[in-house]
2 protein chains.
Amino acid sequence: MSHAAPAHHFGDKSGLLTVVAAEGYTLFADALAAAGDDLLEMGSAYVRFAVEHRGYFGVMFRPELYHADDSEVSAARERANMVLAKGATTVPVDASRARDAQLAAWSIVHGFAALWLSGALPADLGDDPVAAARPVLRVLVR
Amino acid sequence: MSHAAPAHHFGDKSGLLTVVAAEGYTLFADALAAAGDDLLEMGSAYVRFAVEHRGYFGVMFRPELYHADDSEVSAARERANMVLAKGATTVPVDASRARDAQLAAWSIVHGFAALWLSGALPADLGDDPVAAARPVLRVLVR
DNA sequence: CCCCAAATCTTGTCAGTGACAAGTTAGTGT
DNA sequence: ACACTAACTTGTCACTGACAAGATTTGGGG
């Protein structure tokens, strides 16, 4: 295969990364769905996916690299977001703050994953990101 | 000035970005220090910095782009981390979990900022990131 | 079975990026 | 005034992403 062959299938670099993002979000939604509704389990799955598929994860959250409005990307992302929303039900707040709780859950989980991937977290957390994440996520649950 | 002139001062691209990261972390530490020890205020300053200096922020948390062990970068990052640690004291947990609380505070604040910058958050949060962040951070404080 | 159109691939080239090299100019110290 | 260092300039190279022109393969219809 030659250097220009992929262009026929994907159009250009952003077209290729659109497929990568769609695929990534699909695998991501599957991983989160398999984890169940508990924040600790869903959060663990989130961190595990981010670390084990850092190539996908790195593209997924950089929409300037791809066509974020692509129908397959949108569908897969919606599905992941729905699973994420369900995982926040274990955060103990009154019903009026359910949305805030969902965003808090997403933020803490995504934040931990992003900080781990960028190497910003203290080295003494060890080398198991999921084990390191669990007590941190538990602070939100109590 | 010609295309090769900066090379004399910075060495190469990663050298230039090392200076950008050091400068960014210094401004960042200043912004967080000015916000005080309350998680909501410190968190608001974190989100505000990330959004208003997205160029700096984008480089700071991608250590593969620069010399992360550069002494000026390390010093500025240590200073920012110390300020961050103090900002977590308003998370209500027993003393044995203080470290987890610090990491939870950092994760939720960084996660919200990162999600905002990548455009992943729901559009109905409006266009004021700090106003959108505060009720989310409050979930961690109670 | 043949022909045509579409799909896919190949080769070549271009502009831009990041780096390196060689030489020139400016600044500083003795 | 001279010599050395710092800073800059110009040129070139390899690589990347894109585009173009043509060749080859595949599939469908007559």
Side-chain angles (χ1 to χ4, degrees), chain A residues 1-29 49-78 80 110 113-121, chain B residues 1-29 49-78 80 110 113-121:
Chain A
M1 178 182 280
S2 64
H3 60 276
H8 176 74
H9 298 278
F10 301 105
D12 56 8
K13 178 182 174 182
S14 66
L16 173 66
L17 293 178
T18 300
V19 174
V20 170
E23 196 165 294
Y25 269 115
T26 298
L27 295 169
F28 188 47
F49 182 91
V51 171
E52 291 178 359
H53 301 284
R54 63 186 299 158
Y56 279 120
F57 199 75
V59 171
M60 284 155 66
F61 288 95
R62 292 180 64 197
E64 72 276 7
L65 295 177
Y66 58 90
H67 306 128
D69 54 354
D70 175 83
S71 61
E72 289 193 48
V73 172
S74 296
R77 187 173 51 229
E78 291 302 307
H110 185 83
L115 290 168
W116 184 278
L117 288 174
S118 75
L121 293 170
Chain B
M1 177 179 282
S2 65
H3 62 274
H8 176 74
H9 298 278
F10 302 106
D12 56 9
K13 178 183 175 181
S14 66
L16 172 65
L17 294 179
T18 302
V19 174
V20 169
E23 194 166 294
Y25 269 114
T26 298
L27 294 170
F28 187 47
F49 182 92
V51 171
E52 292 179 357
H53 301 285
R54 64 184 299 157
Y56 279 119
F57 200 74
V59 171
M60 283 154 66
F61 288 94
R62 293 181 65 196
E64 72 278 7
L65 295 178
Y66 57 90
H67 306 129
D69 55 355
D70 174 83
S71 60
E72 287 193 47
V73 171
S74 296
R77 187 174 52 230
E78 290 302 307
H110 185 83
L115 289 168
W116 185 277
L117 288 174
S118 75
L121 293 170

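Predicted model, so just to flag it, every value in this text is computed and none were measured. To find a chain, count down the sequence lines: A is the first, B the second, and so on, and within it residues start at 1.
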Checklist outcome for this item: Heavy-atom nearest pair, B:Leu117 first then B:Val51, reads CD2-CA, 4.0 Å
Checklist entry - Rounded to the nearest 0.5 Å, how far does NE2 of B:His110 lie from CG of A:Leu121? => result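 Between A:Leu121 CG and B:His110 NE2, I get 9.0 Å after rounding to 0.5 Å.
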Checklist entry - Out of curiosity, B:Leu17 CG to B:Glu64 CD, how far, rounded to the nearest 0.5 Å? => result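 Answer for the CG-CD pair, B:Leu17 versus B:Glu64, is 10.5 Å.
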Checklist entry - Any donor and acceptor pair, going by atom type alone, linking the side chain of B:Tyr25 with main-chain N or O of B:Tyr56 inside 3.5 Å? => result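 Judged by distance alone, no pair lies under 3.5 Å.
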Checklist entry - Can you check whether B:Ala68's main-chain N or O pairs, donor with acceptor, with B:Arg77's side chain at less than 3.5 Å? => result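 Yes; judged by distance alone, with no hydrogens or angles, the pair exists.
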Checklist entry - In whole Å, what is the span from the NZ atom of B:Lys13 to the C1' atom of C:dT17? => result 8 Å
Checklist entry - What integer distance in Å separates B:His8:NE2 from C:dG27:P? => result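 Computing the B:His8:NE2 to C:dG27:P distance gives 13 Å.
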Checklist entry - With nearest nucleotides of DNA chain C determined for A:His3 and A:His9 from heavy-atom distances, which residue corresponds to the more 5′ nucleotide? => result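 That would be A:His9.
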Next on the checklist: Reading DNA chain C from 5' onward, which residue's closest nucleotide shows up sooner: A:Ala5 or B:Ala4?
Outcome noted: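 Comparing both residues, the 5'-ward one is A:Ala5.
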Item to check | Heavy-atom contact window of chain B on DNA chain D, given 5' to 3' at under 4.0 Å | outcome: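 Listed 5' to 3', the contact boundaries are D:dA6 to D:dT12.
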Checklist entry - Parallel under 30°, tilted from 30 to 60°, perpendicular over 60°: which one fits the rings of B:Phe28 and B:Phe61? => result perpendicular
